[in-house]
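This report refers to the structure that appears directly beneath it.
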Amino acid sequence: MIVNQYDVSQAVRYHMGAFPPASLDYAALLGPLEEAAASLARYDAKMASMVNSELFLAPLRRQDAVSSSRMEGTISTIEELYRIEAEEDAAAPDPYREARSDDIETFLYSRALRNAQQALADGMPLGEHLIRTAHQQLLPIGRGAAKRPGSYKIEQNYIGDDRRGTIHYVPIAPEHLGPAMDALVRFIRDGGMRPLIRTALVHVEFEALHPFQDGNGRIGRMLITLMLWKLGIIGQPNFFVSGYFEAHKGEYIERMRAVSADGDWSGWTVFFLQAMHAQASVNIQTADRIFALHGEMRERFREALNSQFHDQALDFVFASPIFRNDRFVDRSGIPASSARLLSRRLVEAGFLRTIEPSAGRRAALYAFDPLLDLLKV
């Protein structure tokens, strides 16, 4: 059959009426579930033990934004993401003026995730309003602005290969989406299953529904982080798994496809739990490397700056590894005259790279490469 010149004859179609699954192979799930739960508990304990853990969590969040965007074919770098953040933080008239569209999309994902995390922390329920708000914030400008940000699809969408003109998957039809989203939210809040299994099933169901015209993959992966927190698996909404999904993208897609094609909910859930286990270990290793770098740089900053403010300077560049110098002067907690002196010393000592020198009223733009190099994915 041809739809808009795309061949859908071999497409898998949405599993109408099959969510939530009537049964799962718990014998197959038990081992992966225990491993995933233990690894997430270690990750959560590691984050809870760190003083000022946001210094170590924020880079993980940016890494996830880059990986999640790459899953959708948006190729960006963590340096470009931090650069856009620096321009927005500096209240530039047009912070996106020199940015590529891919970098803007990655930045918008990172910002939408932060805002969703804050909304949950402020008491907003994890439901359709939060999901639609996050989607609206994901696509406010650029290529996504014309794709009904914040609104569900009103026409049938498809997942396929544009170059070959083939459709691989047909999500739920728009006329059935409302009741299906209601069922999904009810399951999020009270699915009667172990929280990790519930999170796995919600993710694959959201992707199968594909409720928006664009941005479904990024919102679906965002939901994982938010659910892990709301269901009490982690103490804060700060666990990120897109790196594993990107590295195993082929299996990720095939396991989701098999849910609709073969009813293989258990196979998908085992894959998801394995992803949680593996990514928790990677995130702990990355956090440890950031923590070790912070300790190393603390001594080097102390020697290079010879100032009582060396800790404030260090924490600032870890929180904002690309920044305009006026933001450092205003927000580092260091007296202005000392802050200007210390940033010069950091440049002279080779800790900061000058991306743009100061020009007129526009402050210099600096990069802290030791952290940026560590985070490259």
Side-chain angles (χ1 to χ4, degrees), residues 52 54-55 58-59 61-62 65-66 69 74 76-115 118 137-145 294 297-298 300-302 304-376:
N52 197 3
E54 180 60 21
L55 284 181
R61 189 183 302 116
R62 271 70 173 193
V66 171
S69 296
T74 298
S76 189
T77 67
I78 202 158
E79 179 168 336
E80 291 304 322
L81 172 56
Y82 271 119
R83 182 164 180 172
I84 295 174
E85 290 182 359
E87 296 294 13
E88 186 181 64
D89 185 55
D94 183 1
Y96 316 120
R97 180 172 55 88
E98 298 179 3
R100 300 179 309 122
S101 58
D102 279 6
D103 299 322
I104 294 170
E105 289 183 9
T106 304
F107 164 75
L108 292 172
Y109 172 85
S110 179
R111 187 175 68 180
L113 174 57
R114 290 198 310 274
N115 290 344
Q118 188 59 53
Q137 294 174 355
L138 183 69
L139 304 174
I141 60 173
R143 291 177 292 200
H294 188 273
M297 287 295 163
R298 186 176 188 186
R300 296 179 66 183
F301 271 44
R302 187 197 310 272
L305 298 181
N306 190 28
S307 166
Q308 62 179 314
F309 302 116
H310 67 272
D311 278 344
Q312 289 99 313
L314 177 65
D315 285 351
F316 183 90
V317 300
F318 262 76
S320 304
I322 295 181
F323 61 92
R324 291 278 175 190
N325 195 43
D326 54 354
R327 300 294 94 181
F328 179 71
V329 172
D330 292 342
R331 299 184 181 180
S332 63
I334 303 170
S337 59
S338 297
R340 294 187 184 94
L341 173 63
L342 295 186
S343 61
R344 286 200 302 272
R345 287 181 179 173
L346 289 172
V347 172
E348 292 166 359
F351 292 112
L352 295 180
R353 167 171 55 93
T354 302
I355 299 176
E356 291 179 7
S358 59
R361 300 177 63 181
R362 193 167 175 80
L365 184 67
Y366 296 131
F368 179 56
D369 283 332
L371 181 58
L372 293 172
D373 290 342
L374 185 154
L375 296 173
K376 287 178 179 176

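Closest approach of Pro140 to Arg111, counting heavy atoms only: CG-NH2, 4.3 Å. When every heavy atom of Ala304 is checked against every heavy atom of Arg345, the shortest pair comes out as O-CD, 4.3 Å. Across all non-hydrogen atoms, the minimal contact from Arg340 to Val329 is CG-CG2, 3.7 Å. Taking both residues in full, the closest heavy atoms of Tyr82 and Pro59 are given as OH-CA, 3.7 Å, listed atom of the first, atom of the second, then distance.
Between atom OG of residue Ser343 and atom CD of residue Glu348 there is a gap of 9.5 Å, rounded to the nearest 0.5 Å. The line from CG of Leu352 to CG of Asp369 is 9.0 Å long, rounded to the nearest 0.5 Å. Atom CZ of Phe309 is separated from atom OG of Ser332 by 9.0 Å, given to the nearest 0.5 angstrom. Considering CG of Leu113 and CD of Gln118, their distance stands at 11.5 Å, rounded to 0.5 Å. Taking CD1 of Ile355 as the reference point, atom CZ of Arg324 lies at 8.5 Å (rounded to 0.5 Å). With values rounded to the nearest 0.5 angstrom, Leu371 atom CG is found 10.0 Å from Arg62 atom CZ.
Proximity of Leu138 to Tyr109: side-chain heavy atoms (C-beta onward) are separated by under 4.5 Å at one or more points. In this structure, the side chains of Asn325 and Ser358 stay at 4.5 Å or more apart for every pair of heavy atoms. Between Pro321 and Tyr366 the shortest side-chain heavy-atom distance does not fall below 4.5 Å. The shortest side-chain heavy-atom distance between Ser320 and Arg327 does not fall under the 4.5 Å cut-off. Annotation: side chain of Phe351 is not in contact with side chain of Val317 (no heavy-atom distance under 4.5 Å). Looking at Arg61 and Arg114, their side chains come closer than 4.5 Å, going by heavy atoms from C-beta outward. For the pair Thr354 and Val347, the minimum side-chain heavy-atom distance is below 4.5 Å.
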Exercise for the section: Run the numbers on Arg83 and Glu356 for salt bridge (charged side-chain N to carboxylate O under 4.0 Å, His left out), then give the verdict. Expected result: CA-CA 11 Å; Arg83 182 164 180 172; Glu356 291 179 7; 2.7 Å; yes

Problem - Check against side-chain contact (heavy atoms from CB on, under 4.5 Å), Ile322 and Glu79 - result: CA-CA 8 Å; Ile322 295 181; Glu79 179 168 336; 3.4 Å; yes

Practice task
Could you walk me through whether Asp315 and His294 pass the side-chain contact (heavy atoms from CB on, under 4.5 Å) test, one step at a time?
Solution key: CA-CA 8 Å; Asp315 285 351; His294 188 273; 2.9 Å; yes

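The aromatic rings of Phe316 and Phe328 sit perpendicular to each other, their planes meeting at more than 60°, with 30° as the lower class boundary.
For Phe368 and Phe323, the ring centers sit 6.0 Å or farther from each other.
A donor-acceptor pair is defined here as one N or O able to donate and one able to accept, closer than 3.5 Å; no such pair exists between the side chain of Arg353 and the backbone of Ala367.
For the pairing with Leu305, the side-chain contact (heavy atoms from CB on, under 4.5 Å) check across Leu341, Leu342, Asp311 returns one residue only, Leu342.
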